[in-house]
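What follows is a short report on a single structure.
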Amino acid sequence: MLTRMSARDDTAPVTLHLDRVPGVLGRIVHERAADYAGADPALGAARARTHRFETALRQLGLSLIAEVKRASPSQGAIAPLDPLEAARAYEAGGARAISVLTEPRHFDGTAQALRDVAGGVAVPALRKDFVVHPAMLREAAEWGASAALLMVSVLHEATAEYLRMAHHLGLDALVEVHDERELDIALEADAPIIGVNNRDLTTLHIDLEVSPRLIRRARDAGFGGVLVAESGYRTPQDLAGVRDLADAVLVGSSLAGSGDLTRAARDLMRA
Ligand SMILES: O=C(O)c1ccccc1NCC(=O)[C@H](O)[C@H](O)COP(=O)(O)O
């Protein structure tokens with residue numbers, strides 16, 4: 001599927017080559033592109049950037065982005081969380097930002113979950129979805145998110161334009177990569193916040209060595225922005241490889257399925 005759209009009058013249409021996205025991820029992004037086919041790509045007036053998400057992650061020590069994750073392709077049903085209750089529990093456990101899944105089919109996410117969380121906690125909220133259309137960024141801003149996820153594995157060379165669109169809307173963006181080639185695209189796009197996903201989203205295999213390897217590479221290349229290690233963290237020992245390297249970790253399944261979200265968040269981040 002090839003998607004072309006122009007989000008602002010002064011930009012050329014952005015083309016996404018979704019047929020290049022393989023495996024589980026490929027299926028999900030095709031579904032999301034179909035969901036938004038025909039949606040208005042106009043972003044509307046520029047909004048001031050608050051940098052709330054970025055500022056939250058730049059605090060001293062390793063920051064936790066805790067994810068409201070009720071289900072996933074790798075785990076199936078995780079827990080029937082009430083999003084706002086879960087976010088408040090994470091906040092009480094020290095989370096500095098909340099990631100909220102809004103993808104409905106595989107993650108049991110909703111727009112209302114993001115609205116509730118963004119309006120109900122003091123820490124910033126990230127819209128976690130598979131962004132394949134400018135309308136998804138406009139929605140993120142309208143629903144109260146401070147940031148949105150942008151995946152280089154999906155957007156490829158359109159990453160820089162999607163980053164510009166997010167910033168136009170006042171949003172920070174977590175630009176996610178999984179290998180060296182994707183990291184180079186994120187660096188080239190001048191992304192202020194880069195997330196390294198330990199999970200290969202085409203096979204769902206997790207390798208906790210991926211984050212330290214790519215974070216070191218980013219720092220060696222002179223990257224001075226925020227670096228986030230993502231996925232697969234269950235114990236404080238799992239964090240050893242990124243504790244002194246990353247600015248933040250993004251954790252979903254192990255916290256969401258723990259039964260006591262506040263305690264699980266505190267226990268995981270205990271040094
Ligand atoms: O989590 C999945 O199974 C998954 C499958 C396909 C695409 C994306 C997927 N997850 C997105 C994420 O990367 C995670 O939600 C996030 O980083 C937290 O990971 P974890 O702590 O391992 O739940």
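Remember, it's 1-based here, ligands and their atoms both numbered in the order they're listed.
- In this model, a donor atom of one side chain and an acceptor atom of the other lie less than 3.5 Å apart for Asn197 and Ser231.
- Heavy-atom contacts of Gly232 reach the following atoms of ligand 1: 20 (P), 21 (O), 22 (O) (cutoff under 4.0 Å).
- The proximity of His106 to ligand 1, defined as any non-hydrogen pair under 4.0 Å, does not occur for either the backbone or the side chain.
- Near Leu250, meaning under 4.0 Å from any of its heavy atoms, are these atoms of ligand 1: 16 (C), 17 (O), 18 (C).
- The nearest heavy-atom contact from the protein to atom 3 (O) of ligand 1 is Ser74 OG, 2.4 Å.
- Near Leu204, meaning under 4.0 Å from any of its heavy atoms, are these atoms of ligand 1: 5 (C), 6 (C).
- Lys69 pairs in a side chain to side chain contact (heavy atoms under 4.5 Å, CB included) with only one of the listed residues (Leu81, Leu255, Ile78), which is Ile78.
- The existence of a salt bridge linking Arg270 and Asp267 is confirmed by a sub-4.0 Å separation between a basic side-chain nitrogen and an acidic carboxylate oxygen.
- The residue from Arg27, Glu176, Lys128 that puts a heavy atom closest to atom 16 (C) of ligand 1 is Lys128.
- Against a heavy-atom cut-off of under 4.0 Å, Ser72 is close to the following atoms of ligand 1: 1 (O), 2 (C), 3 (O).
- The distance criterion of under 3.5 Å between nitrogen or oxygen atoms is not met by Leu25 with respect to ligand 1.
- At a heavy-atom cutoff of 4.0 Å, ligand 1 is contacted by no atom of Leu255, backbone or side chain.
- Under the 6.0 Å cut-off for aromatic ring centres, Phe130 and Tyr36 do not qualify, their centroids lying 6.0 Å or more apart.
- Between Glu54 and Arg58 there is a salt bridge, with a side-chain nitrogen of the basic residue lying less than 4.0 Å from a carboxylate oxygen of the acidic one.
- For Ser254, the heavy-atom gap to ligand 1 stays at 4.0 angstrom or more.
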